[in-house]
> 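Let me give you the structure first, and then I'll get to my questions.
As the structure is a computational prediction, the values presented were derived from the model and not from experiment. Order of the sequence lines fixes the chain letters, A, B, ..., with proteins taken first and strands second; residue numbering starts at 1 for each chain.
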2 protein chains.
Amino acid sequence: MTPSLDDIFAALADPTRRAILSMLLEDDMAVTDVAEPFEMSLAAVSKHLVILTKAGLISQEKRGRVKWCKLEPDAMRTASIWMQSFGQFEAINLDAFEEYLQQNELFG
Amino acid sequence: MTPSLDDIFAALADPTRRAILSMLLEDDMAVTDVAEPFEMSLAAVSKHLVILTKAGLISQEKRGRVKWCKLEPDAMRTASIWMQSFGQFEAINLDAFEEYLQQNELFG
DNA sequence: GTGATATTCAACCATTTGGTTGACGATTGC
DNA sequence: GCAATCGTCAACCAAATGGTTGAATATCAC
């Protein structure tokens, strides 16, 4: 059951879920720690994690009573590749790209 | 009102809408012609086009009684740039990146 | 064993989504 | 002028979404 573009894009359409993915970019996290910054119930965050897992964007592994969440970049790459099929990236938006790089301090 | 990532990803999450975008990659099209291959009402397709327009993925221009639909790649670029951070830049257009670096004389 | 911690489950709710149909307002061709 | 064409609007519907709460299930620490 490889995740569909439907599932991937739908998962990415929610700001809470995108925030979770950004958090997991730093490091793997337990469900409770993922939920901590959000002003919603743990159960709600748990549901978001299920959606992200079904989309293939993260994986979850239970060790003891703690369930660890891990980013899985392949799914996002699938979506990215679909976008690239539009073949319009020769005119990539360099301003936005530069802004992105600076915001993320990837340049010294 | 610049479209949000919410709007863009939500718009991309539907297979009908992705198919419409692929069709518009070929050429600009009238609403009736966009709707022709789909087994749903014209009104339903018209709604999809509204969603794509609000997401900034297409634009619509009325000439006479015909409304023409045109692909607008900037919105997809916005989403693509957001996604790049999750793939360690493997999927980015390296030619564009190199051009960017040279234009800004960050290389010798 | 007992109590605290980690997480999900189940039932519920309001709102959104994706579709239908029929009527309607423009615009065109003859 | 009038009929046909293009597209949207309005009302409606079923299903999905995103949230809540309280109970339930594991697991850990002591």
> What distance do B/Glu72 atom CD and B/Leu52 atom CG have between them, rounded to the nearest 0.5 Å?
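Reported value, rounded in 0.5 Å steps: 11.5 Å.
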> So if I apply the side-chain contact (heavy atoms from CB on, under 4.5 Å) rule between A/Ile58 and each of A/Val50, A/Asp28, A/Ile51, A/Thr53, which one comes out positive?
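With A/Ile58 as partner, A/Val50, A/Asp28, A/Ile51, A/Thr53 yield a single side-chain contact (heavy atoms from CB on, under 4.5 Å), made by A/Thr53.
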> Return whichever of B/Gly64 or B/Glu39 has its heavy-atom-nearest nucleotide of DNA chain C closer to the 5' end.
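Going by which nucleotide is closer to the 5' end, it is B/Glu39.
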> Give, for atom NZ of A/Lys70 and atom CG of A/Asp27, the distance between the pair rounded to the nearest 0.5 Å.
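The CG atom of A/Asp27 is 10.0 Å from NZ of A/Lys70, to the nearest 0.5 Å.
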> So does B/Leu12 get a backbone contact from the side chain of B/Arg17, meaning a donor-acceptor N/O pair under 3.5 Å?
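Here the side-chain-to-backbone pair does not exist.
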> Between the main-chain N or O of A/Leu42 and the side-chain N or O of A/Ser46, is there a donor-acceptor pair closer than 3.5 Å?
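No.
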> Return the 5'-most residue of the pair A/Ser41, B/Val50 with respect to DNA chain D, ranking by each residue's nearest nucleotide.
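It is B/Val50, whose closest nucleotide lies nearer the 5' terminus.
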> State which of C/dA6, C/dT8, C/dT27 makes the closest approach to the side chain of B/Arg65.
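So the side chain of B/Arg65 is nearest to C/dT27.
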> 5'-most contact on DNA chain D: B/Leu42 or A/Ala13, nearest heavy atom basis?
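Result: B/Leu42.
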> To the nearest angstrom, how far is A/Gln60 atom CD from C/dA6 atom C1'?
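Those two atoms, CD and C1', are 12 Å apart.
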> Atom OG of A/Ser59 and atom NZ of A/Lys67: how far apart are they, to the nearest 0.5 Å?
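Here the interatomic distance stands at 11.0 Å.
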> Go through DNA chain D in 5' to 3' direction and return only the first and the last nucleotide with some atom under 4.0 Å of chain A's heavy atoms.
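Nucleotide range in contact with chain A: D/dG18 to D/dC28.
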> Write down the distance between NZ (A/Lys67) and C1' (C/dT5), rounded to a whole number of angstrom.
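Rounded to whole Å, this separation is 16 Å.
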> Just how large is the angle between the end axes of the helix from C/dG1-D/dC30 to C/dC30-D/dG1, five pairs per end, to 10 degrees?
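Here the local axes at opposite ends form an angle of 30°.
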> Hey, does the side chain of A/Ser46 come within less than 4.0 Å of C/dT8's phosphate (OP1/OP2), counting only N and O?
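For A/Ser46, the contact criterion (side-chain N or O under 4.0 Å from OP1 or OP2 of C/dT8) is met.
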> Would you mind reading off the distance between B/Lys47 atom NZ and C/dT17 atom C1', rounded to a whole angstrom?
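Result: 9 Å.
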> With rounding to the nearest 0.5 Å, note down the distance linking CZ in B/Phe38 to NE2 in B/His48.
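Rounded to the nearest 0.5 Å, the CZ-NE2 separation comes to 8.0 Å.
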> Heavy atoms only, 4.0 Å cut-off, all strands: where does A/Ala43 land among base, sugar-phosphate and nothing?
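Answer is base: heavy atoms of A/Ala43 come under 4.0 Å of a base.
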> Pick base, sugar-phosphate or nothing for A/Arg63, based on heavy-atom distances below 4.0 Å to the nucleic acid.
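Contact class for A/Arg63: none.
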> Using modelled atom types and a 3.5 Å cut-off, is there a donor and acceptor pairing between side-chain atoms of B/Glu36 and backbone atoms of B/Thr32?
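Between the backbone of B/Thr32 and the side chain of B/Glu36 there is no qualifying donor-acceptor contact (under 3.5 Å).
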> Taking any heavy-atom pair under 4.0 Å as a contact, classify B/Lys62: base, sugar-phosphate, or nothing.
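B/Lys62: no heavy atom of the nucleic acid under 4.0 Å.
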> Which heavy atom of B/Met40 sits nearest to which heavy atom of B/Ala44, and what is that distance?
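Taking B/Met40 first and B/Ala44 second, the nearest heavy atoms are SD-CB, 3.7 Å.
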